[in-house]
Amino acid sequence: MKIAVVGTGYVGLVAGACFAENGNEVICVDKDPAKVRMLQKGKIPIYEPGLEEMVKRNHAEKRLSFTTALAKGVQQAQIIFIAVGTPTGEDGSADLQHVLAVARDLAKAMNGYKVVVNKSTVPVGTAAKVRDVIRRETTHPFSVVSNPEFLKQGAAIDDFMKPDRVVVGAEDPRSAELMKELYSPFTRTGAPIMMMDCASAELCKYAANAMLATRISFMNEVSNVCEAVGANVDQVRHAVASDRRIGPSFLFPGVGYGGSCFPKDVKAMVRFAEEKDYEFQILNAVEAVNESQKKRLIAKMEKHFGSLKGKRIAVWGLAFKPKTDDMREAPAVPLIQGLLAAGASVHAYDPEAMKVAKGIFGSKIHYAENAYAALTGADALAIVTEWSEFREPDYGRMRKLMRSPVIFDGRNIYNPESLRSQGFTYISMGRP
Ligand code: NAD
């Protein structure tokens with residue numbers, strides 16, 4: 001099939017590469033000329049495991065191309081995916097300006113029947129808005145489909161190639177059949193293609209993300225109660241997770257959720273419910289808990305040291321989660337800002353997010369070449385992202401490098417007893 005994907009970010013580029021991998025002819029469109037030039041040279045602007053090889057291979061085999069010219073993409077394709085950003089607007093709602101701008105521009109370029117697919121995460125009612133915008137600009141026939149994306153950064157290729165399910169909101173048989181055909185190679189393992197109306201499809205994505213965010217905030221509160229009553233959250237979590245009705249995923253306490261999706265999608269869901277006079281009470285609490293959770297690690301540091309003025313703090317992990325370079329809404333950002341405001345100096349390390357961090361903090365913090373270099377002369381180490389390479393460090397080397405062997409672990413990656421037996425003062429989340 002001939003496909004255009006508009007927006008080559010974490011979602012659009014992965015979707016484009018994976019559709020090409022299954023033999024489709026894909027043209028990826030982005031308005032950012034620097035990004036497109038990079039992609040044309042076989043370089044990818046983001047870190048996502050396995051993506052660069054897949055992009056290079058499909059580009060070389062001429063199934064995947066890149067352009068800034070939307071009209072070219074639209075005219076060559078039968079199915080056009082919109083995968084541009086939908087950031088939080090001033091009032092907390094999803095800002096649809098990029099989605100609607102693409103809809104308007106692609107309508108002007110149409111040269112026959114097209115299926116326009118919303119892959120961006122968009123509030124209920126957006127398919128109808130996109131339909132109206134296109135109708136105003138063209139006399140060609142078209143269908144608008146809603147196809148929310150559930151991939152996880154860090155495992156995006158696997159998630160896209162082998163999804164748990166594909167959700168498609170399609171309201172006419174022609175576009176429904178085309179979508180089923182497009183996705184059939186991705187669902188050979190038996191994952192369902194769930195066909196539904198556009199409003200339900202749009203809501204699925206928010207409900208799923210809001211549920212996951214709720215589990216995280218819930219477990220963070222359980223962890224905080226563990227600290228208050230002297231229980232151990234690891235033991236509580238294992239016992240709770242072994243109930244088959246609950247299961248083990250997304251029950252890890254930490255420093256709060258971040259990333260480009262959970263914070264914005266929780267806010268947007270509250271907002272669009274509110275527009276229909278419904279107050280989504282749980283989600284208001286989920287967000288409030290997350291905001292306060294992000295302050296907990298620094299509060300533990302302040303409690304331990306009295307004052308952080310003049311302290312040298314090593315920070316391991318800057319990305320909002322492992323296996324990505326994405327720092328959008330990353331808990332490391334407010335933590336570092338808090339440390340700087342308290343008069344501490346920060347020596348940070350992340351395996352992939354250093355370049356992004358330099359764009360955020362500039363010369364305000366120090367950037368270490370590796371995890372150990374960050375520890376030289378440190379009064380304490382704060383662990384913010386649970387990258388695999390932090391899990392089994394050389395403790396002897398760490399102790400020698402640090403001025404004082406104190407670890408604040410926001411992700412509970414070590415065993416408290418073994419760390420203490422190695423001579424560390426070890427403070428983690430929800431564990432005595
Ligand atoms: P992103 O910011 O990484 O990428 C968006 C891209 O769109 C950018 O490259 C930008 O230059 C381009 N763009 C913006 N306006 C454009 C226009 N008018 N024409 C052409 N290109 C344009 O965003 P993302 O993380 O890929 O997210 C995209 C959407 O997918 C969002 O709605 C997001 O909520 C949703 N989503 C994201 C994830 C994720 O893990 N990142 C997962 C599922 C769904």
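Counting starts at 1 for both ligands and their atoms, in listed order. One is the number of the first residue; the rest follow in order along the sequence.
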Student check: side-chain heavy atoms of Val145 and Cys198 closer than 4.5 Å: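 They are not in side-chain contact.
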
Side chain, backbone, both or neither: the part of [X] lying under 4.0 Å from ligand 1 by heavy atom:
| X | answer |
| --- | --- |
| Thr86 | both |
| Pro148 | neither |
| Arg328 | side chain |
| Val11 | both |

Among Gly12, Cys261, Pro45, Gly9, whose heavy atom sits nearest atom 3 (O) of ligand 1?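 Minimum heavy-atom distance to atom 3 (O) of ligand 1 goes to Gly9.
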
Closest by any non-hydrogen atom to atom 35 (C) of ligand 1: pick that one out of Asp159, Thr121, Val29, Leu106.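 It is Thr121 that holds the nearest heavy atom.
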
Atoms in ligand 1 flagged as close to [X], the criterion being non-hydrogen separation under 4.0 Å:
| X | answer |
| --- | --- |
| Ser260 | 41 (N) |
| Val6 | 19 (N), 20 (C) |
| Ala83 | 28 (C) |
| Gly7 | 6 (C), 7 (O), 12 (C), 21 (N) |
| Val102 | 17 (C), 18 (N), 19 (N) |
| Gly85 | 5 (C) |
| Lys35 | 8 (C), 9 (O) |

Output yes when the distance from some N or O of ligand 1 to some N or O of [X] is under 3.5 Å, and no in every other case.
| X | value |
| --- | --- |
| Gln153 | yes |
| Asp265 | no |
| Lys119 | no |
| Glu149 | no |
| Asp30 | yes |
| Ala101 | no |

Identify the protein heavy atom lying closest to [atom], giving its residue, its atom name and the separation to 0.1 Å.
| atom | answer |
| --- | --- |
| atom 24 (P) of ligand 1 | Tyr10 N, 4.0 Å |
| atom 20 (C) of ligand 1 | Lys31 N, 3.3 Å |
| atom 22 (C) of ligand 1 | Val84 CG1, 3.5 Å |
| atom 33 (C) of ligand 1 | Lys264 NZ, 3.8 Å |

Face-on cation placement of Arg328 at Phe320 ring, 6.0 Å and 45° thresholds: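 Relative to the ring axis of Phe320, which defines the angle, Arg328 lies outside at least one limit.
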
So, is the end of the Lys162 side chain (NZ or CZ) under 6.0 Å from the ring centre of Phe186 and within 45° of the ring's axis?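 Not flagged: Lys162 not positioned over aromatic ring of Phe186.
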
Mutual orientation of the aromatic rings belonging to [X] and [Y] [parallel < 30°, tilted 30-60°, perpendicular > 60°]:
| X | Y | value |
| --- | --- | --- |
| Tyr426 | Tyr414 | tilted |
| Tyr206 | Phe272 | perpendicular |
| Trp316 | Tyr372 | perpendicular |
| His347 | His366 | parallel |

Test side chain to side chain contact (heavy atoms under 4.5 Å, CB included) on Ile79 and Met1 and set out the steps. CA-CA 8 Å; Ile79 306 180; Met1 288 176 135; 4.2 Å; yes

Output, in order, the C-alpha distance, side-chain angles, deciding distance and verdict of side chain to side chain contact (heavy atoms under 4.5 Å, CB included) for Arg135 and Phe142. CA-CA 9 Å; Arg135 201 175 284 126; Phe142 66 92; 4.2 Å; yes

Taking 4.0 angstrom as the limit, do Glu386 and Lys323 come out as a salt bridge?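 Looking at Glu386 and Lys323, the cut-off is not met.
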
Test: Arg174 and Asp172 ion pair at under 4.0 Å: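 No, no charged N to carboxylate O under 4.0 Å.
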
Out of curiosity, is Lys152 lining ligand 1, as in a heavy atom under 4.0 Å away?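 No, Lys152 has no heavy atoms under 4.0 Å from ligand 1.
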
Arg104 side, atom CZ; Ile134 side, atom CD1 - distance, nearest 0.5 Å: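 Rounded to the nearest 0.5 Å, the CZ-CD1 separation comes to 11.5 Å.
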
Check whether Glu274 reaches the backbone of Glu279 with its side chain - one donor and one acceptor, N or O, closer than 3.5 Å.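 Answer holds: no.
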
For the rings on Phe160 and Phe19, is their centre-to-centre separation under 6.0 Å?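 Yes: the rings meet the under 6.0 Å criterion.
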
